[in-house]
Amino acid sequence: MSNTKTLLLLGSGAREHALAEKLTRDGATVLVLPGNAGIPNSHPEVNPLDFEAVKNFAQAHEARLIVVGPEAPLAAGITDFFADSDIQVFGPTRAAARLESSKVWSKEFMRRHGVATAQAWPFRSDNIADARAKAAELGGHVVVKYDGLAAGKGVYVCSSPEEAEAAFDDLQTSYSGWFSFLLEEKLTGPEISIIGLTDGHVIRLLATSQDHKQLLAGDRGPNTGGMGAYCPVPFADGNVLAAIARDIVDPTLRGLQNEQFEFRGFLYFGIMLTPIGPRLLEYNVRLGDPEAEVLLPALDSSLLDLIEATLDGTLAQQGVRQRPGAFVGVVLASGGYPAPKFPIGFPISGLDNLPAGVRAYHGATRRDEAGQLVTNGGRVLVLTAHGYDLEEATALAYEACARVTFQESYFRTDIAQRPAPVLTASVVN
């Protein structure tokens with residue numbers, strides 16, 4: 001284990017709560033900017049997008065390492081800002097962050113480097129009529145993706161011409177002015193998340209996980225930032241992982257080495273196991289959320305050691321150990337989420353009565369004037385359970401959901417309960 005040190009963690013959600021908890025267990029003193037009501041050592045007075053303020057805070061607290069949780073500071077260039085200082089940032093440069101911040105650029109990267117992915121066509125808002133025509137040609141079986149950052153949203157999965165038309169209408173309503181977007185062929189198959197730490201040459205993967213993006217049970221309703229996750233994924237065996245490495249992870253690493261940028265941080269692969277083999281849906285340049293809330297409790301190795309090895313060039317010498325059992329995280333959301341506006345400020349109760357083996361990660365909470373913990377956004381809490389197997393962990397997570405309450409709360413009732421898929425030979429060979 002590394003010697004105790006002070007580091008800054010940027011972000012304010014449940015992912016950052018899980019990161020802070022894990023890094024603290026690994027021996028670090030973690031100061032979180034801005035954090036939230038449930039994260040120890042939160043400093044809401046510091047805006048993580050104000051890099052000068054972050055620098056001054058780091059210097060005042062003798063912190064020499066910054067770990068970035070969300071994508072926005074990376075896309076804004078925080079790693080570049082500190083490049084000539086004695087403060088290290090765990091996260092890619094602004095140019096490398098385009099793997100997430102631009103869906104169009106990311107797709108071009110995949111094509112350049114032979115990463116298996118869906119066919120796609122880039123468009124701009126001033127030629128949306130051409131996109132409508134292409135979607136009609138494909139029978140409406142398309143995925144429409146806003147080019148920029150959209151906080152886990154901005155993606156429309158369509159199964160008919162009418163759904164595609166509605167997606168284009170919503171795109172024009174949600175994003176004013178000039179913008180780019182991507183039209184992709186719609187793939188089918190189960191999705192999994194593969195996340196690791198990379199220095200651009202080697203990658204060390206965490207456990208396999210699966211997110212539940214749609215709002216409603218049965219994978220219905222609008223996309224959200226994620227309503228729950230679990231790990232490990234039972235059907236992602238060695239054969240599946242070998243195919244993913246061959247068709248997606250290894251070509252990506254070769255691409256990172258060939259591009260003119262530096263990548264040292266988390267890299268997320270959103271993958272669909274289609275009948276013709278694994279296909280990459282998207283990259284993220286940070287830990288997924290809510291995947292982080294199951295992956296970090298499952299990680300037995302020191303995350304601090306892995307981060308330091310990524311930054312100092314010794315990642316190839318590191319292994320990754322996982323804890324036994326299964327981990328299931330269920331999001332408790334505000335009623336009305338993911339609509340742009342919904343009521344907040346409701347008191348939260350029951351967090352002092354969680355079952356053994358359950359952690360509560362705060363996503364959108366604050367203290368009101370009376371000191372009461374209240375809701376402060378869409379995804380309020382993630383309740384993560386550790387069990388002997390997936391069935392036990394799921395039961396524990398939902399027992400916890402029954403004990404934690406706030407007005408107009410909502411959660412999906414089928415996290416980690418999808419039927420086991422039947423994978424074709426193309427996926428596992």
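Residues: numbered from 1 along the sequence shown. All values reported here derive from a predicted model rather than from experimental measurement.
One distance of note links CG of L383 with CG of L351; it measures 7.5 Å at 0.5 Å rounding.
Screening V157, T117, L273, L281 for a side-chain contact (heavy atoms from CB on, under 4.5 Å) with L187, the sole residue that qualifies is L281.
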Under the criterion side chain to side chain contact (heavy atoms under 4.5 Å, CB included), I'd like the reasoning laid out for L306 against L315: C-alpha separation, chi angles, the key distance, then a yes or no.
CA-CA 7 Å; L306 288 167; L315 186 60; 4.3 Å; yes

Set out, in order, the CA-CA distance, both residues' side-chain angles and the distance that settles side chain to side chain contact (heavy atoms under 4.5 Å, CB included) for Y230 and Q210, then state yes or no.
CA-CA 6 Å; Y230 71 91; Q210 190 175 57; 2.8 Å; yes

Please step through side chain to side chain contact (heavy atoms under 4.5 Å, CB included) for the pair L296 and L287, ending with a clear verdict.
CA-CA 10 Å; L296 294 175; L287 266 177; 3.9 Å; yes

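Salt bridge absent: D250 and R254 never bring a charged side-chain N and a carboxylate O closer than 4.0 Å. The pair K107-D147 does not count as a salt bridge, with every side-chain nitrogen at least 4.0 angstrom from each carboxylate oxygen. Ion pairing between E108 and R111 fails under the 4.0 Å rule for side-chain N and carboxylate O. Between R359 and E21 a salt bridge is recorded (basic side-chain N to carboxylate O distance below 4.0 Å). Between D169 and R132, at least one side-chain N (NZ, or NE/NH1/NH2) sits under 4.0 Å from a carboxylate O, which counts as a salt bridge.
Panel note: side chain R379, backbone G226; a donor-acceptor pair is recorded below 3.5 Å. In this structure, E185 contributes its side chain and Q119 its backbone to a donor-acceptor pair below 3.5 Å. Judged by distance alone, with hydrogens and angles left aside, the side-chain atoms of T224 form a donor-acceptor pair with the main-chain N or O of K213 at under 3.5 Å. Listed for the S160 side chain is no donor-acceptor partner under 3.5 Å among the backbone atoms of G140. Judged purely by atom type and a 3.5 angstrom limit, S102 has no side-chain atom pairing as donor or acceptor with the backbone of G148. Side-chain N or O atoms of R323 include none that pairs as donor or acceptor with a backbone N or O of L299 at under 3.5 Å.
Contact between N284 and L267 at its shortest, heavy atoms only, is O-CD1, 3.5 Å.
You'll find the ring centres of F51 and F82 outside the 6.0 Å limit.
Using cut-offs of 30° and 60° on the angle between ring planes, the pair H17 and Y361 is perpendicular.
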